[in-house]
Amino acid sequence: MSKCELSYSHYRSVLDKAIAAGYEIVPFRDSHQISGSKRVIVLRHDIDALINKAIPIAEIEASMGIQSTYFIRSYADDYDLDDDQVKAVIAALSKLNHEIGIHYETGNLMNSDADDPEKIFLDEKTRLERACGLKIISAASHSDKSCRRWTRSKQSSRQTTLLSAIKHSIPCMPKTAVRSLIMGLEVRGVRTPLYRMIKASKDDLFQVVSEDAVGIEHQSWQTRLCRGYVHTMEGRAKWKPCCPCSLIGRYDRLMITTHPEHWNR
Ligand SMILES: [Zn+2]
Ligand SMILES: [Zn+2]
């Protein structure tokens, strides 16, 4: 096993280890066709910035016969879907048989509660579909604050009440610390209702927008993906809670998320 770092060689060895341990590695689009007992990894990449850096990761996966989902933003600060070079990158990803999903940030694009989240989400999705010429059926959120904005929803207010109850019972612990504590429990195989509630209240657009109405079949907050998997995510160049190399073999179902902008040779 190579050194545990955000290098392409370590990425390759993580995937090698997973294959050797008998995991089936799938993109979101195939995540519903998995039988109950098998070892599964749902593999996901969030393209927050530097879209070109998706290519080396995509090529490594393709060379190993692996497909994953690349979640792309429609209104990124750093890349523009109208740019031909950006379109070429997306075309290259799908030519390698990877899935393109929408990395939505509907809440961030809403100016007020009067804005319709369904309309804004559909605009994000359609813009990406136009850029890649493909139908988008998978979605994952990019630091979306939609639920916080959509305070009138019944479900949202119930969760707000629960969150404040936790804060009240553990007053000296900041919310982020509560979240990472619960994440730690999750990795140890202890699934708590608290954990699910905090995850769900964080940024689940689909509490207020119907998946069917916007043509989404797979999204990261679905119970089946949210609860059924131990999640580990590389964000801001750090794994939370830890690099998947130490989770493979310990848990049968993993969701692994990277941000390819942070990975290097
Ligand atoms: Zn590692
Ligand atoms: Zn993101």
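Order of appearance sets the numbers: ligands from 1, and atoms from 1 within every ligand.
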Check your understanding: Which N, O or S atom name in D48 marks its closest approach to the Zn ion (ligand 2)?
Key -> OD1
Exercise for review: Is it possible for you to check whether R44 lies under 6.0 Å from the centre of the six-membered ring of F71, through NZ or CZ, and within 45° of that ring's axis?
Suggested key: yes
Point to revise | Name of the H142 atom (N/O/S only) found closest to the Zn ion (ligand 2) | key: ND1
Review point. Do the ring planes of H262 and H259 sit parallel (below 30°), tilted (30 to 60°) or perpendicular (above 60°)?
Key: tilted
Check your understanding: So does R130 pair up with D82, basic N to acidic O under 4.0 Å?
Key -> no
Check your understanding: So, are E99 and R29 salt-bridged, with charged N and O less than 4.0 Å apart?
Key -> no
Point to revise | Carboxylate-amine/guanidinium proximity below 4.0 Å for R236 and D46 | key: no
Check your understanding: How about H259: does one of its N, O or S atoms come closer than 2.8 Å to the Zn ion (ligand 2)?
Key -> no
**Study point:** H10 atom NE2 and C245 atom SG as seen from the Zn ion (ligand 1), angle to 10 degrees
**Key:** 110°
Practice item. Kindly confirm whether the Zn ion (ligand 2) is within less than 2.8 Å of some N/O/S atom in D46? Key: no
